[in-house]
*Asks:* 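Quick one: the structure is below, questions incoming.
In this text, all values refer to a predicted model and were calculated from it rather than measured experimentally. Just so it is clear, the values below take in all heavy atoms, side chains as well, and ignore hydrogens, waters and symmetry mates.
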Amino acid sequence: MQTLLRDGKRESTVSTLYLSPSNIESGQQITCRASNKAAPNGKDATVTIDIQHLPIVNLTVDPQPVLEGNLIKFHCAAKANPPVLYYRTVEKKCGVTYGYKSKTSHTIPMGSRVIQHGVGLGWVDVMPLICSVSDYFRWAKGINGILDVHGDTYEVVVDHSFFTEPVSCEVTNALGNTNISRNVDVYFGPRMAAEPQSLQVDLGSDAVFNCAWTGNPSLTIVWMKRGSGV
C-alpha cells in the first residue's frame, strides 16, 4: 500500500506478509527488503520469529513387553520455549576424595594404607563430594512421586503393579506444564483377586461359586472337582 506524504513528493510504502502456521518455525528469520532506482541493492530489516509453547514431552519405555522381575528404562525428552524450568534442587553425593599428609598430592583407592620408606602414614582420609542437582523432570508412579530419581532416565525392576499404575513424567516452563504417562506391558503370572467362598445350600439347589484372577497375558481358568475338570 502506497501513501503520498504531505510534501506531495515522497511516498510511504507498506507491505504486509501473512504466514500460515505450517510455514512458521521458531528461530526463523524474516527479511523485508526495500529498493528503488536510487538504491538498487536495497536496504533490509530483519526480524526473528519466537514461537512460545508449552513443553512438548516424549516418554519412551524399553523394552516392551517385559517379563516381571526384569529391568526396564523410561526416558523422558522435552522441548519447550521458554526453556524448561527445574522444579527442585537437591544435594547428592557425587564422589569422594582421598588424601594424606605428604609432600606430594596423590589419589589412591579408599581404604589403602600408605607406606613411605617403610613407615606407615595412617589410613587415608575420605571426604565426600556434595553436588547440587537441578531436577527438570518430575517422575511419578500412579499418584506417588518418585523422589529418588534425578534426570531424564528412570530405570527400575518392574512388577505386576506397573501394568495398572502408569509412570509419568512432568515438565514445566513459564507457560505451564505437560504431563505424559505410560503403562508397562508387564507379563506376570496369575494373581488371585477374589477367592471362592464356601456355601451352604439346600439339597437339590444350585450352588454358584466365583473366583477372580488377574494376569498378563490373558488367563485360562479351569474349575476342578475331586481332581477332575468340571
Side-chain angles (χ1 to χ4, degrees), residues 53-80 83-95 131-173 175-230:
H53 58 84
L54 290 170
I56 300 172
V57 180
N58 182 36
L59 179 58
T60 59
V61 186
D62 185 61
Q64 285 261 55
V66 61
L67 189 64
E68 184 178 31
N70 284 300
L71 186 69
I72 198 168
K73 178 188 292 186
F74 297 86
H75 180 73
C76 189
K79 181 173 65 174
V84 172
L85 301 173
Y86 62 87
Y87 80 96
R88 67 172 181 171
T89 299
V90 296
E91 291 186 345
K92 60 179 293 188
K93 183 178 177 181
C94 56
C131 302
S132 293
V133 178
S134 296
D135 283 342
Y136 295 88
F137 303 90
R138 187 192 299 267
W139 292 93
K141 176 175 179 278
I143 61 173
N144 300 310
I146 307 173
L147 301 181
D148 58 345
V149 176
H150 311 285
D152 60 0
T153 301
Y154 171 40
E155 292 185 319
V156 64
V157 175
V158 295
D159 58 21
H160 67 280
S161 65
F162 284 81
F163 187 68
T164 54
E165 296 180 28
V167 170
S168 63
C169 173
E170 182 177 297
V171 182
T172 301
N173 70 357
L175 300 181
N177 59 71
T178 302
N179 188 300
I180 299 295
S181 62
R182 295 282 185 269
N183 284 93
V184 182
D185 189 13
V186 184
Y187 283 2
F188 60 97
R191 300 179 63 86
M192 177 159 283
E195 296 184 6
Q197 302 296 316
S198 298
L199 296 177
Q200 289 185 346
V201 297
D202 295 331
L203 184 64
S205 299
D206 292 334
V208 179
F209 297 92
N210 296 288
C211 74
W213 296 83
T214 61
N216 185 42
S218 300
L219 301 174
T220 299
I221 298 178
V222 177
W223 287 91
M224 308 289 292
K225 178 182 178 183
R226 295 176 182 174
S228 300
V230 178

*Asks:* Tell me if a side-chain donor or acceptor on S168 pairs with a main-chain N or O of N179 at a distance below 3.5 Å.
*Replies:*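 No: the side chain of S168 does not pair with the backbone of N179.
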
*Asks:* So how far is it from N177 CG to R138 CZ, rounded to the nearest 0.5 Å?
*Replies:*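 With rounding to 0.5 Å, CG (N177) is 8.0 Å from CZ (R138).
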
*Asks:* Just wondering, do N183 and P166 contact through their side chains at under 4.5 Å, heavy atoms?
*Replies:*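 P166 reaches N183 side chain to side chain.
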
*Asks:* Could you report the tightest heavy-atom contact between F162 and V157, atom names first, then the distance?
*Replies:*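 Scanning both residues completely, I find the closest heavy atoms to be CE1-O, 4.3 Å.
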
*Asks:* Can you find a heavy atom in the side chain of T153 that is under 4.5 Å from one in the side chain of H75?
*Replies:*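 When only atoms from C-beta onward are counted, H75 and T153 do touch, with a gap below 4.5 Å.
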
*Asks:* Can you give me the closest heavy-atom contact between G215 and F188, atom names plus distance?
*Replies:*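 Looking at all heavy atoms of both residues, the shortest contact is CA-CE1, 3.5 Å.
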
*Asks:* Just verifying a value: how many Å separate D185 CG and I72 CD1, rounded to the nearest 0.5 Å?
*Replies:*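 These two atoms lie 9.0 Å from each other.
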
*Asks:* I want to check something: taking the side chain as every heavy atom from C-beta on, are D148 and I146 in contact at a cut-off of under 4.5 Å?
*Replies:*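 Result yes, sub-4.5 Å side-chain heavy-atom pair found.
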
*Asks:* Hey, could you give me the CD/OH distance between E68 and Y187, rounded to the nearest 0.5 Å?
*Replies:*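 So the gap between those two atoms works out to 13.5 Å.
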
*Asks:* Got a donor-acceptor contact below 3.5 angstrom from the W139 side chain to the G151 backbone?
*Replies:*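 Indeed, once roles are kept as given, a pair shorter than 3.5 Å links the two residues.
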
*Asks:* Would you compute the distance between atom CD1 of I56 and atom NZ of K79 and round it to the nearest 0.5 angstrom?
*Replies:*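 Rounded to the nearest 0.5 Å, the CD1-NZ separation comes to 5.0 Å.
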
*Asks:* Between P55 and Y136, is there a side-chain heavy-atom distance shorter than 4.5 Å?
*Replies:*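 Not touching, per the 4.5 Å side-chain cut-off.
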
*Asks:* Tell me, do V201 and D206 make a side-chain contact under 4.5 Å, heavy atoms counted?
*Replies:*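 Heavy-atom side-chain distance check fails, nothing below 4.5 Å.
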
*Asks:* Report yes or no: does E165 contribute a side-chain atom to a donor-acceptor pair with the main-chain N or O of F163 at less than 3.5 Å?
*Replies:*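 Checked: no pair found.
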
*Asks:* For the residue pair L71 and V66, what are the closest heavy atoms and their distance?
*Replies:*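 L71 and V66 have their closest heavy atoms at O-CG2, 4.4 Å.
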
*Asks:* Output the distance between atom CG (N216) and atom CG (L67), rounded to the nearest 0.5 Å.
*Replies:*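 Separation between the atoms: 10.5 Å.
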
*Asks:* Please give me the minimum heavy-atom distance between E170 and T172, naming the atom from each residue.
*Replies:*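 In this case the closest contact between E170 and T172 is OE2-OG1, 4.2 Å.
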
*Asks:* Does CD1 belonging to I143 count more than 12 external heavy atoms closer than 6.0 Å?
*Replies:*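 No, because the 6.0 Å sphere around CD1 of I143 holds 12 heavy atoms or fewer from other groups.
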
*Asks:* How long is the straight-line distance from CZ of R191 back to CG of L219, given to the nearest 0.5 Å?
*Replies:*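 Answer for the CG-CZ pair, L219 versus R191, is 12.0 Å.
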
*Asks:* Any side-chain heavy-atom pair from L59 and Y154 closer than 4.5 angstrom?
*Replies:*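 The answer is no; the side chains never approach within 4.5 Å.
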
*Asks:* Applying side-chain contact (heavy atoms from CB on, under 4.5 Å), run through V57 and F137 and close with a yes or a no.
*Replies:* CA-CA 10 Å; V57 180; F137 303 90; over 6 Å; no

*Asks:* Any donor and acceptor pair, going by atom type alone, linking the side chain of N173 with main-chain N or O of H53 inside 3.5 Å?
*Replies:*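 Such a contact is found between N173 side chain and H53 backbone.
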
*Asks:* Does atom OH of Y86 have more than 12 heavy-atom neighbours, drawn from other residues, nucleotides or ligands, at distances under 6.0 Å?
*Replies:*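 No - once you tally the heavy atoms of other residues, nucleotides and ligands closer than 6.0 Å, there are 12 at most.
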
